[in-house]
Amino acid sequence: MAAVVSAGFGKFGKRKENILEIAAESALPITRKFRDSIDFVLVSNCYSGEFNGISGLNNLVTTYLSMDALPSIRIDNTSGSGGAALFTAVSLVESGRAKSVLVVGVEKMSEKPTKEVTRIISSLLGEREKAAGPSLPSLAGLLAKDYMREFGAPRESLAQVAVKNHRNGALNPHAHIQKVLTLEQVMGSAVIVDPLRLFEISPISDGSTSILVVPDETAESFTDKPVYVKGIGMSSEAAYLTDRKTFTDIPSVRRAGEIAKRQSGVDRPDFAELHDMATVLEIVQSESLGFFKRGEGWRAVADGVTEIGGEFPINASGGLNSKGHPIGATGIAQAAEVFQQIRGEAGQRQVKHAENGMMMNMAGFGNSAVAAVMGAVR
Amino acid sequence: MKIFRCETCGNEAFERRAVCRQCFGERFEELEAGEPQPVVSAMLTVTPEGFEDSYELIVGTLGRTKAIYRKL
């Protein structure tokens, strides 16, 4: 078993610094304390080539941190890069190949115009599908329509996810958007893709988050409050959307969650950080992961179940929706939020009785997913 | 609109694969399947670079598979 023993946070938002400076912001708090023990570095990043004109980012990051000789790998799995990096870090320490893995999640994407960012991100689609001109948010728009039609969910129930997540994000000092929004403000914001509005879709963000992953046997030599990765699963789905039966269930998410829950022995964690690139995705993922019955996730949002003080808090961090979505950093930020919550260090957004938490990081439009159950006790 | 049909099992797909996902056959014919029937659509007002500024994105049925296309 592996454990997370430290986390470093950078501010998400539109940043003027370059990508190496942004990466160092979250990595340095860890390397200052644990430099001598780190023997492997993973850099979770998707688009340094497209956004920053940089290749070999992992080696540039280790050099910038003066860890020149350490082995390092850049992990790219689109929006799921962070989850894939966590999965790899856990595998490295569990196999004995590494003893202490620094995972740096970073992306700098705000310098490009929105249309260019949209084109770059949609490059993960199949050739003929891409030629039709979809954006990733547009797929969420299609999903929203399918979901509302299939399950009778009111339009406002999707927007309530944005109200909740912005309220949570306002309590998170690392969040991109720290602004409480009313339902009227969400519903009155600009249409991005019918029916979804501006505040229902994650912003274009820069930022980094880092964590340190070690074997459970040595975890207590790093901290008196390690957080154990009790179960972790990864699963994929066809990249081609036209080969999928439905949008309203995400099989990769469901299978990854099943593996993580089975491995951990925790069927119902106390809270979750999900991949709400758009509001409707948080609801559908919460159903695919088995937290709510199919078609009833929207009711949980409407009833306040997923609020920080509710029975099953989701995205206490603000989620991608408010915290931001610097793509390579997102999955690591989710793991770091679960780490903070379990240690009781989440400040005003602290979830009560946070003994076990799940993070679920999704690539593309469910092209793959990593879910991990993390907890205070092995 | 064209689709790909597996010559071994007849499975149809909008996107080309090297291997049929149903029978693992490796031979496909490309054929005309007519016009797709719309199932769900959404109007985009923020679109990728290289495309018009606004259009309707549609998922429809096409033969025994699905298609994605846009309408201005």
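None of these values were measured; they are calculated from a predicted model.
- For B:Glu56, no part lies under 4.5 angstrom from a heavy atom of chain A.
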**Q.** Intermediate values then yes/no, side-chain contact (heavy atoms from CB on, under 4.5 Å), B:Glu15 and A:Thr242
**A.** CA-CA 8 Å; B:Glu15 287 280 3; A:Thr242 46; 4.2 Å; yes
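- Side-chain atoms of B:Lys66 and A:Tyr240, non-hydrogen and from C-beta on, never get closer than 4.5 Å to each other.
- If you tally non-hydrogen atom pairs under 4.5 Å between each of B:Val46, B:Ile58, B:Val59, B:Thr65 and chain A, the highest count goes to B:Val46.
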(Q) Run A:Arg119 and B:Glu49 through salt bridge (Lys or Arg N to Asp or Glu O under 4.0 Å) and show every step you take. (A) CA-CA 5 Å; A:Arg119 174 184 61 76; B:Glu49 183 183 47; 2.5 Å; yes
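- The number of heavy-atom neighbours closer than 6.0 Å to CZ of A:Arg155, taken from other residues, nucleotides and ligands shown, is above 12.
- In this structure, the portion of A:Arg244 lying under 4.5 Å from any heavy atom of chain B is its backbone and not its side chain.
- Open room surrounds CD on A:Glu127; 12 or fewer heavy atoms of other groups in view lie less than 6.0 Å from it.
- Within the 3.5 Å criterion, the main-chain N or O of A:Ile192 finds a donor-acceptor partner in the side chain of B:Thr45.
- In this structure the side chain of B:Leu57 reaches within 4.5 angstrom of the side chain of A:Leu142, judged on heavy atoms.
- No more than 12 heavy-atom neighbours from other residues, nucleotides or ligands sit within 6.0 angstrom of CZ on B:Arg16.
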Q: Kindly determine whether A:Arg128 and B:Phe4 satisfy side-chain contact (heavy atoms from CB on, under 4.5 Å), including the steps that lead there.
A: CA-CA 12 Å; A:Arg128 292 185 73 198; B:Phe4 299 97; 4.0 Å; yes
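- Of the atoms belonging to A:Lys245, it is backbone heavy atoms, and not side-chain ones, that fall under 4.5 Å from chain B.
- In this structure, the side chains of B:Arg17 and A:Asp243 come closer than 4.5 Å at one or more pairs of heavy atoms.
- Proximity to chain B (any heavy atom under 4.5 Å) is restricted, for A:Ala131, to the backbone atoms N, CA, C and O.
- Using a 4.5 Å cut-off between heavy atoms, A:Ser122 contacts chain B through its side chain alone, with no backbone atom that close.
- Within 6.0 Å of the CD atom in B:Glu35, the count of heavy atoms belonging to other residues, nucleotides or ligands does not exceed 12.
- Annotation: side chain of A:Lys115 is in contact with side chain of B:Thr47 (closest heavy-atom distance under 4.5 Å).
- Of all the heavy atoms in A:Gly133 and B:Phe51, the pair that sits closest is CA-CE2, 3.4 Å.
- Neither the backbone nor the side chain of B:Lys71 comes within less than 4.5 Å of any heavy atom in chain A.
- Going from atom CG of A:Leu139 over to atom CD1 of B:Ile68 covers 6.5 Å, rounded to the nearest 0.5 Å.
- The minimum heavy-atom distance linking B:Val40 with A:Arg149 is given by the pair CB-NH2, 3.9 Å.
- Contacts with chain A were tallied for B:Gly50, B:Ser54, B:Ala42, B:Ala67; B:Ala42 has the most, counting heavy-atom pairs under 4.5 Å.
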